[in-house]
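One structure is given below, encoded as structure tokens.
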2 protein chains.
Amino acid sequence: MKLSTRGRYGLKAMFDLALYYGEGPISLTNIAERQAISVNYLEQLISPLRKAGLVESVRGAQGGYMLSRAPGAITVGSILTTLEGPLAPTDCVVIDGGEDFCDHSQYCVTKVIYEKIYESITSVVNSITLQHMIDDYENNQDSMIVHTICECK
Amino acid sequence: MKLSTRGRYGLKAMFDLALYYGEGPISLTNIAERQAISVNYLEQLISPLRKAGLVESVRGAQGGYMLSRAPGAITVGSILTTLEGPLAPTDCVVIDGGEDFCDHSQYCVTKVIYEKIYESITSVVNSITLQHMIDDYENNQDSMIVHTICECK
DNA sequence: TTTAATCCCTAGTTGTTTACTAAGAAATCA
DNA sequence: TGATTTCTTAGTAAACAACTAGGGATTAAA
């Protein structure tokens with residue numbers, strides 16, 4: 001039940017982009033340095049985020065990436081599910097037409113539980129936007145707390 | 001963010017034991033057959049459940065396993081965390097004294113999110129007991145729905 | 001027009017984890 | 001004594017995670 005580095009790094013990168021929202025394209029080199037992630041690996045994470053329409057890219061020198069819309073319009077859920085797939089404890093709650101997949105899934109006592117877990121996770125991550133993270137970040141800076149984004153494992 | 005077979009099989013096995021609660025020890029062979037799990041593998045799952053005090057064993061012929069207390073007193077959360085470890089999206093929300101683990105974890109904008117996810121999952125699984133599953137199971141049987149426990153993946 | 005910076009894409013690699021299988025020792029009932 | 005069952009450990013094949021590596025395409029600036 002752990003997130004992989006894909007989701008964690010991707011969220012860090014998107015938060016980084018959110019801090020620079022409105023300031024033109026930010027290069028992956030910059031993000032990678034600040035967030036201590038390899039550029040090559042970061043490229044592999046930003047690619048699905050771009051395809052999902054969460055970021056836009058500018059190619060060539062002085063190019064980079066920027067959020068495709070305001071931080072308040074991008075949820076943590078959209079980022080994490082883009083990089084990790086559905087945040088579900090089992091596949092059965094997420095794959096439909098499960099007749100060949102799982103015979104009695106609609107009546108399964110355990111599936112009911114997995115669905116509740118899925119809903120609760122989804123509800124949390126969909127209610128948090130990048131803007132919330134920025135607000136949190138800036139509040140803590142005001143109160144003189146060194147508030148960084150850490151190497152959360 | 002998926003449960004492994006350890007948690008899923010373990011929950012199925014515990015539900016099976018709950019259906020026979022009060023009827024003496026049930027052998028792993030029986031459970032394994034009903035739930036379509038290899039006996040050898042099931043042995044490896046029941047072992048931590050016993051060490052966690054969730055089931056008791058009777059050795060020797062006609063032996064087996066039984067719940068250590070009523071189904072209403074055993075939560076799904078206790079079963080899943082015994083087999084999967086803490087149902088947390090990251091280690092940082094669960095390991096304390098994280099100074100060497102994660103420098104700024106107490107001020108981390110992403111950790112706040114991971115903690116909320118952790119809390120919501122924990123709250124769901126801790127609120128469901130094996131008795132709830134039995135009630136659900138029997139309700140559906142009453143209404144003539146073939147309610148099985150499926151091969152949830 | 002060249003150069004450097006950057007995005008973009010794919011393939012390969014290494015280590016870890018998962019999901020078992022296998023096998024044998026210890027205990028207990030008939 | 002023999003069958004049944006728990007208990008424990010070791011091994012293994014396949015999948016997955018977390019990258020590394022390298023090269024092509026695009027563009028701004030010198």
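Chain naming here is simple, since letters A, B, ... match the order of the sequence lines and numbering starts at 1 in each.
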* **Residue A/Tyr9, side-chain atoms from C-beta onward, closest of D/dC19, D/dT8, D/dT6** => D/dC19
Without decimals, in angstroms, what is the distance between [X] [atom1] and [N] [atom2]?
{"X": "B/Glu43", "N": "D/dA10", "atom1": "CD", "atom2": "C1'", "result": "14 Å"}
{"X": "A/Leu42", "N": "D/dA21", "atom1": "CG", "atom2": "P", "result": "17 Å"}
{"X": "B/Ile26", "N": "D/dT6", "atom1": "CD1", "atom2": "P", "result": "11 Å"}
{"X": "A/Gln44", "N": "D/dT20", "atom1": "CD", "atom2": "P", "result": "10 Å"}
{"X": "A/Arg6", "N": "D/dC19", "atom1": "CZ", "atom2": "C1'", "result": "11 Å"}
{"X": "A/Lys2", "N": "D/dA18", "atom1": "NZ", "atom2": "C1'", "result": "17 Å"}
{"X": "B/Glu56", "N": "D/dT6", "atom1": "CD", "atom2": "P", "result": "14 Å"}
{"X": "B/Met1", "N": "D/dC16", "atom1": "CE", "atom2": "C1'", "result": "17 Å"}

Please check: side-chain N/O of [X] versus main-chain N/O of [Y], any donor-acceptor pairing under 3.5 Å?
{"X": "A/Gln35", "Y": "A/Tyr9", "value": "no"}
{"X": "B/Arg50", "Y": "B/Glu56", "value": "no"}
{"X": "B/Ser68", "Y": "B/Leu54", "value": "yes"}

* For A/Leu28, which contact category applies under a 4.0 Å heavy-atom criterion: base, sugar-phosphate, or nothing? -> sugar-phosphate
* Between which nucleotides of DNA chain C, read 5' to 3', does contact with chain A run, using atoms under 4.0 Å from its heavy atoms? -> C/dA5 to C/dA11
* Asked: Do B/Met1 and B/Val94 belong together in a cluster built from hydrophobic side chains that touch within less than 4.5 Å?
  -> yes
* **Residue pair A/Ser27 / A/Tyr65, side-chain donor-acceptor N/O under 3.5 Å** => no
* To do: Let me see the working for A/Leu17 and A/Val55 under side chain to side chain contact (heavy atoms under 4.5 Å, CB included), right down to the final yes or no.
  => CA-CA 9 Å; A/Leu17 281 180; A/Val55 299; 3.8 Å; yes
* Non-hydrogen side-chain atoms of B/Ile79 and B/Ile74 separated by less than 4.5 Å -> yes
* Asked: Would you say the side chain of A/Thr110 lies within less than 4.5 Å of the side chain of B/Val76, judging by non-hydrogen atoms?
  -> no
* Asked: Toward the 5' end of DNA chain D, which comes first, B/Gly60 or A/Thr5, by nearest nucleotide?
  -> B/Gly60
* Asked: Starting at the 5' end of DNA chain D and moving along, which residue's nearest nucleotide shows up first, A/Tyr41 or B/Arg50?
  -> B/Arg50
* Asked: At what distance, to the nearest 0.5 angstrom, does CD of A/Gln131 lie from OG1 of A/Thr75?
  -> 13.5 Å
* **Inter-end axis angle, the helix from C/dT1-D/dA30 to C/dA30-D/dT1, with every axis fitted to five base pairs (rounded, 10 degrees)** => 0°
* If you find the nucleotide of DNA chain C closest to A/Ala61 and the one closest to A/Asn40, which residue's nucleotide is nearer the 5' end? -> A/Ala61
* To do: Just do the side chain to side chain contact (heavy atoms under 4.5 Å, CB included) check on B/Ile134 and B/Tyr21 with the steps written out, would you?
  => CA-CA 11 Å; B/Ile134 291 175; B/Tyr21 179 65; over 6 Å; no
* Can you find a side chain N or O atom of A/Ser4 that sits less than 4.0 Å from OP1 or OP2 on D/dA17? -> no
* **Heavy-atom donor-acceptor pair, A/Gln62 side-chain to D/dT26 base, under 3.5 Å** => no
